[in-house]
Structures are given as C-alpha cells and as structure tokens.
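Structure, as structure tokens:
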Amino acid sequence: MRTGLFGGAFNPVHNGHMAVARAAVKSAQLDRLIFIPTGNAPHKKETSVTRQDRYNMLALAVSNEENMFVSDYEINRTQLSYSADTVEYFKGLFPDDSLFFIMGDDSYNQLHTWHEPHRITENATLLVFPREGADITAPAIGISMDVVDVSSSEIREKIKMGKDCRNLLPNAVFDYIIKRNLYGLRDSV
C-alpha cells in the first residue's frame with residue numbers, strides 16, 4: 001500500500017489542510033492518508049486547546065473523506081515527538097507499505113535543521129506542498145496544487161476577534177469550535 005503521513009499541530013485543521021491532503025492522495029496515488037496531530041513538539045508550545053480537541057477536530061474533518069484517518073500516536077506520547085521517530089513508528093506498523101511524508105515547502109527548506117532528518121528520508125518519500133513557492137528538488141516530490149494561503153494562526157486570530165471564518169474551516173470543525181468555545185470565540189460569530 002501507499003500510505004501518506006501528514007503531521008502538524010492542526011490547531012485548528014482548516015480547508016487548506018484538507019486541500020493538501022486531497023492533492024497528496026491524488027498526486028502520489030495514496031491508498032490511505034493518516035493525519036498525525038503533534039504531541040510534545042520540540043518547536044511548539046502547548047496551547048489552551050487540548051490535544052484531544054485537536055484530534056477530535058481532525059476526526060470530524062476526515063469523517064466524510066475516503067481513506068483518510070487520524071492517528072493518536074503523537075498526542076499519547078509523553079516524551080518529545082520528533083518526526084523521525086513518528087516515521088519509524090509507522091514504518092514498523094506498515095513494513096510493506098511505501099510511506100510518503102507530507103510537508104510544506106517552508107519546512108522542506110528547513111529539513112536540514114530537524115532532528116535526524118536522514119531517518120525521515122530513509123523511511124519515507126517526501127511529498128512537498130507549496131506554501132512559499134520554493135523550488136522542490138529530487139528526491140522529494142512536489143504536490144501539484146496552488147499555494148496554500150491560509151494558516152491556523154490567522155484563523156485563531158480571526159475567531160478571537162469575532163470574525164466569521166466558517167468559509168476557512170470544514171463545517172463540522174467550525175461547529176465544534178463554537179460548541180467548545182475554543183480560541184476565545186466571541187458570541188458575535
């Protein structure tokens with residue numbers, strides 16, 4: 001099987017993430033795509049939104065997507081979560097699969113600064129989506145799609161300011177945010 005691994009904070013998951021996932025499935029002819037919300041990421045601090053909330057929002061976002069799933073592997077870990085460890089975990093789980101690690105071109109350009117990046121590239125092919133329009137070189141594969149021009153941080157800020165951003169999120173995710181009063185949501189949304 002061809003399995004895509006898509007990690008990130010997904011705080012919250014938005015339509016840009018979903019567009020990347022669909023484009024990755026199509027571009028690399030993936031049999032399944034697994035979203036992996038971060039646990040103890042070495043470069044991100046914990047927020048007021050719980051790991052379980054981020055997992056739940058992803059589960060809602062993929063509920064109508066064929067062959068897309070959410071893993072709780074990283075959110076259940078207590079130690080730091082490095083992508084190299086996560087890729088090796090999934091290689092052990094699916095030893096006969098061809099793994100594809102999905103990342104933005106901004107991260108791809110910084111891959112050399114990551115913890116043991118060779119462990120990622122030894123176990124998975126990099127699938128890179130455009131965020132900044134950088135050149136993607138072999139052995140990575142570029143995902144053919146428009147530049148993703150939305151970020152979770154922008155969405156969080158809009159929600160905090162009471163701006164309507166339901167067009168940027170899957171409907172079920174926006175409903176979950178309202179129900180749980182996440183991101184400082186104001187009554188005016």
Problem - Steps toward side chain to side chain contact (heavy atoms under 4.5 Å, CB included) verdict (E154, L168) - result: CA-CA 10 Å; E154 290 172 27; L168 302 173; over 6 Å; no
Are the side chains of [X] and [Y] in touch, meaning some heavy atoms are under 4.5 Å apart?
| X | Y | value |
| --- | --- | --- |
| L60 | V13 | no |
| M68 | M18 | yes |
| Y183 | P12 | yes |
| I36 | T86 | yes |
| T3 | F90 | no |
| T50 | Y55 | no |
| H112 | P117 | no |
| L169 | C165 | yes |

Could you check whether any side-chain N or O of [X] sits under 3.5 Å from a backbone N or O of [Y], counting only pairs where one atom can act as donor and the other as acceptor?
| X | Y | answer |
| --- | --- | --- |
| N76 | D72 | yes |
| S152 | F10 | no |
| R54 | V49 | no |
| S27 | A24 | no |
| R32 | M1 | no |

Minimum heavy-atom distance between [X] and [Y], given as atom pair plus value:
| X | Y | answer |
| --- | --- | --- |
| A84 | H115 | CB-O, 3.8 Å |
| L127 | A28 | CD1-CB, 3.6 Å |
| S71 | I34 | CB-CG2, 3.6 Å |
| I75 | P37 | CG2-O, 3.5 Å |
| A140 | I136 | CB-CG2, 3.9 Å |
| V128 | G104 | CG1-C, 3.9 Å |

Handout entry: Results of ring-ring contact (aromatic ring centres under 6.0 Å, His included) for Y73 - residues two or more places apart only
Key =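 Applying ring-ring contact (aromatic ring centres under 6.0 Å, His included) to Y73 gives Y89.
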Handout entry: All ring-ring contact (aromatic ring centres under 6.0 Å, His included) counterparts of F100, not counting sequence neighbours
Key = none
For [X], look at atom [atom1] and say whether over 12 heavy atoms of other residues, nucleotides or ligands are found less than 6.0 Å away.
| X | atom1 | answer |
| --- | --- | --- |
| Q79 | CD | yes |
| N67 | CG | yes |
| N167 | CG | yes |

Problem - Presence of salt bridge, E65 and R22, under 4.0 angstrom - result: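 Yes, this pair counts.
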Could you tell me the separation between the [atom1] atom of [X] and the [atom2] atom of [Y], rounded to the nearest 0.5 Å?
| X | Y | atom1 | atom2 | value |
| --- | --- | --- | --- | --- |
| I155 | N15 | CD1 | CG | 7.5 Å |
| Y108 | M103 | OH | CE | 9.0 Å |
| E157 | K160 | CD | NZ | 6.0 Å |
| L111 | D105 | CG | CG | 12.5 Å |
| K26 | I143 | NZ | CD1 | 12.5 Å |
| I141 | F101 | CD1 | CZ | 14.5 Å |

Exercise for the section: List for me each residue that meets salt bridge (charged side-chain N to carboxylate O under 4.0 Å, His left out) alongside D85, sequence neighbours excluded, and say none if there are none. Expected result: R77, R119
Handout entry: Donor-acceptor pair between R2 and S98 side chains, under 3.5 angstrom
Key = no
Exercise for the section: Go through the side-chain N and O atoms of D106 and Q110 and say whether any donor and acceptor fall under 3.5 Å apart. Expected result: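 Q110 and D106 do not have a side-chain donor-acceptor pair below 3.5 Å.
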Problem - Ring geometry between H17 and H14 (parallel below 30°, tilted from 30 to 60°, perpendicular above 60°) - result: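 H14 and H17: parallel rings.
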Practice task
Identify whether M57 and I178 are in the same connected component of the hydrophobic contact network (ILVMFWY, side-chain heavy atoms under 4.5 Å).
Solution key: yes
Exercise for the section: Look at the side-chain heavy atoms of Ile, Leu, Val, Met, Phe, Trp and Tyr, link any pair under 4.5 Å apart, and say whether F69 and V87 land in one connected group. Expected result: no
